[in-house]
Number of protein chains: 2
Amino acid sequence: MSRKSFLPIIRELVRCYQAFESHSGRHIRTLGLTPAQFDIVATLGNTDGMSFKQLGEKTLITKGTLTGVVDRLAAKKLVSRVASPTDGRSQIARLTSKGEKLFASIFPSHLGHLGRAFGEFSGEDLQHTEAILRNLRGAFERCGETT
Amino acid sequence: MSRKSFLPIIRELVRCYQAFESHSGRHIRTLGLTPAQFDIVATLGNTDGMSFKQLGEKTLITKGTLTGVVDRLAAKKLVSRVASPTDGRSQIARLTSKGEKLFASIFPSHLGHLGRAFGEFSGEDLQHTEAILRNLRGAFERCGETT
DNA sequence: GACATATAGTCCTTATTAGAACTATATTGG
DNA sequence: CCAATATAGTTCTAATAAGGACTATATGTC
C-alpha cells in the first residue's frame, strides 16, 4: 500500500479537528472558560465528583496538566477538592453549587452551538461518520499498543 | 434532529485526533522536534521558502504563535528569515541547508511511522474515510462562516 | 501628496500541554 | 511485619496556543 495515499486522510483529520476546535472554542470562550476548563466542568456535571485519575481518563488531559486546570477552576469557585475517604493518595474533584449552576446554564447552550453543524446530517450519516471515526481511532491506538 | 445524537461523533473525533496526536507526537519527539516545529519543517520542505502568512495558512498555527516557533527553529539553525524583496512588512522563512538535510531524513521516517496505522486499509477505505472527514470539516467550517 | 484604512509580523498575557521527577500512600509477596 | 513495587497527585520545565495591541509598511481614494 502506497505510503503516500493516507496523507490526505491525515490532512483532513487535522483540518477537521481544527475546524471543530475553532467552532467549539470560540463559543466556550464567550462563556468565560477555556476549552480544557469546559471539558472538566462538562465531565463533572451530573456526577458526585470523581478522582483525578478518572477525570484524566474521561477527558484525556494528562495528569500534570490536570492539577493546574483544576486549580484554576477551584480559584473560580467552580470546583472543589475533597480528600478521598478510601485512598489517602487520592482526591475527589466535584462541582460546587456555583459550578453546578454554570454547568446547567452553559452545557445546553454549548450543545446547541455544536448542534448547528449537524443540521444537514441524517441519522444514517451520523451513524456512518461515527463508525468511520471509531475505525480510524482504532487504527492509531493499535499502533500505540505495539510500542 | 435530536441534539444529543451528534455527541458520539464529537467524542469519537476528539479521541481519534488525540490518538493520532499521541501516535504522531511520540515519534516526532524522538526526532528532537516538537509537533509544531515538525509541522513547519514539513511545510517548508521542498519549497523556496514562504511568508509567515502563507505558513500560517498551510499549518493553521496562529501568527502570534508562529513567530515563537520560527524563532526556536532559527535558534536551532534549521530555518532562516529573509526580508521579502517585494513587501517591506513581510519576511520569508526558509529551511537552511541543515534544515533541508533534517527534512530529507525525518520526513520519510515519519511517513513510515504514520503509515503503520493504515496497513489494514484498502484503497476504497482510504477514499471513503477521507470523504467523510472532508464532509464533517465542511459542516464545522460552514458554521464558522455565519458568525 | 495627504489621509484613512488595511495588513505583516512582533510583543504581550494568560492558559494549556506533555512528560519526568518527586512525595506520600497503597499493594503485594515472602 | 517488612521490603519491593506501584500508584495518585504535585511540581517543574520548556514549548505551544490564542488573540489583542502595537509598529512599520502597503493600498486605495480624493
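In the text below, chain A, chain B and the rest are named by the order of the sequence lines, each starting its count at 1. None of the values given here were measured: they were computed from a predicted structure.
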**Message:** Just verifying a value: how many Å separate Leu136(A) CG and Glu12(A) CD, rounded to the nearest 0.5 Å?
**Reply:** 12.0 Å
**Item:** Transitive ILVMFWY side-chain link Val69(B) to Val79(B), under 4.5 Å
**Value:** yes
**Request:** Can you tell me the distance, in whole Å, between the CG atom of Leu66(A) and the P atom of dT10(D)?
**Result:** 8 Å
Considering only nitrogen or oxygen atoms on both sides, find all protein atoms under 3.5 Å from nucleotides 18-22 of chain C and state each distance.
from: dA18(C); atom 1: N7; to: Thr65(A); atom 2: OG1; distance (Å): 3.0

**Prompt:** Going by atom types only, do Arg26(B) and Ser22(B) share a side-chain donor-acceptor pair under 3.5 Å?
**Reply:** yes
**Request:** Return the set of residues passing ring-ring contact (aromatic ring centres under 6.0 Å, His included) with Phe52(A) (not counting sequence neighbours), or none when no residue passes.
**Result:** none
**Asked** Who pairs with Gln18(B) by side chain to side chain contact (heavy atoms under 4.5 Å, CB included), at least two apart in sequence or on another chain?
**Response** Leu60(A), Val14(B)
**Message:** For a quick test of reading the model: is some side-chain N or O of Ser90(A) closer than 4.0 Å to OP1 or OP2 of dA8(D)?
**Reply:** no
**Message:** With clusters defined by side-chain heavy atoms of hydrophobic residues (ILVMFWY) lying less than 4.5 Å apart, directly or transitively, does Ile61(A) cluster with Ile28(A)?
**Reply:** yes
**Request:** Could you list all the salt bridge (charged side-chain N to carboxylate O under 4.0 Å, His left out) pairs where at least one residue sits in residues 44-55 of chain A, not counting sequence neighbours?
**Result:** Lys53(A)-Glu57(A)
**Straight-line distance of Leu95(A) CG to Lys77(A) NZ, nearest 0.5 Å** = 15.0 Å
**Request:** In whole angstrom, give the distance that lies between atom CD1 of Ile28(A) and atom P of dT16(C).
**Result:** 11 Å
**Asked** Are Ile132(B) and Phe20(B) linked, directly or through other ILVMFWY residues, by side chains that come within less than 4.5 angstrom of each other?
**Response** no
**Message:** Check whether His113(A) reaches the backbone of His23(A) with its side chain - one donor and one acceptor, N or O, closer than 3.5 Å.
**Reply:** yes
**Prompt:** Can you find a heavy atom in the side chain of Met50(B) that is under 4.5 Å from one in the side chain of Lys58(B)?
**Reply:** yes
For nucleotides 1-3 of chain D, list the nitrogen or oxygen atoms of the protein found under 3.5 Å from its nitrogen or oxygen atoms, one pair per line.
none

**Integer-rounded Å distance: dT25(C) C1' and Arg89(A) CZ** = 6 Å
**Item:** Within residues 33-53 of chain A: residues closer than 4.0 Å to DNA chain C (heavy atoms)
**Value:** Thr34(A), Ala36(A), Gln37(A)
**Request:** List for me each residue that meets side chain to side chain contact (heavy atoms under 4.5 Å, CB included) alongside Thr67(A), sequence neighbours excluded, and say none if there are none.
**Result:** Asp71(A), Arg81(A)
**Request:** Rounded to 10°, tell me the angle between the two end axes of the helix from dG1(C)-dC30(D) to dG30(C)-dC1(D), each built from five pairs.
**Result:** 30°
**Prompt:** Roughly how many Å is it from CG in Leu55(B) to C1' in dT16(D), rounded to a whole number?
**Reply:** 16 Å
**Prompt:** Hey, can you pull the residues of residues 68-87 of chain B with a non-hydrogen atom under 4.0 angstrom from DNA chain C?
**Reply:** Arg81(B)
**Message:** Under the rule for side chain to side chain contact (heavy atoms under 4.5 Å, CB included), what residues qualify as partners of Thr96(B), not counting sequence neighbours?
**Reply:** Ser80(B), Lys98(B)
Show which side-chain atoms of residues 100-112 of chain B pair as donor or acceptor with protein atoms under 3.5 Å away, not counting sequence neighbours.
from: Ser109(B); atom 1: OG; to: His27(B); atom 2: NE2; distance (Å): 3.4
from: His110(B); atom 1: ND1; to: His27(B); atom 2: ND1; distance (Å): 2.8
from: His110(B); atom 1: NE2; to: Ser24(B); atom 2: OG; distance (Å): 3.1

Distance-only donor-acceptor hits, side chain of residues 36-46 of chain A, under 3.5 Å, sequence neighbours excluded:
from: Gln37(A); atom 1: OE1; to: Thr34(A); atom 2: N; distance (Å): 3.1
from: Gln37(A); atom 1: OE1; to: Lys76(A); atom 2: NZ; distance (Å): 3.2
from: Thr43(A); atom 1: OG1; to: Asp39(A); atom 2: O; distance (Å): 2.6

**Message:** Rounded at 0.5 Å granularity, tell me how far CZ in Phe140(A) sits from CZ in Arg116(B).
**Reply:** 12.0 Å
**Message:** Below the 4.0 Å mark, does dT10(C) have OP1 or OP2 next to a side-chain nitrogen or oxygen of Gln91(B)?
**Reply:** yes
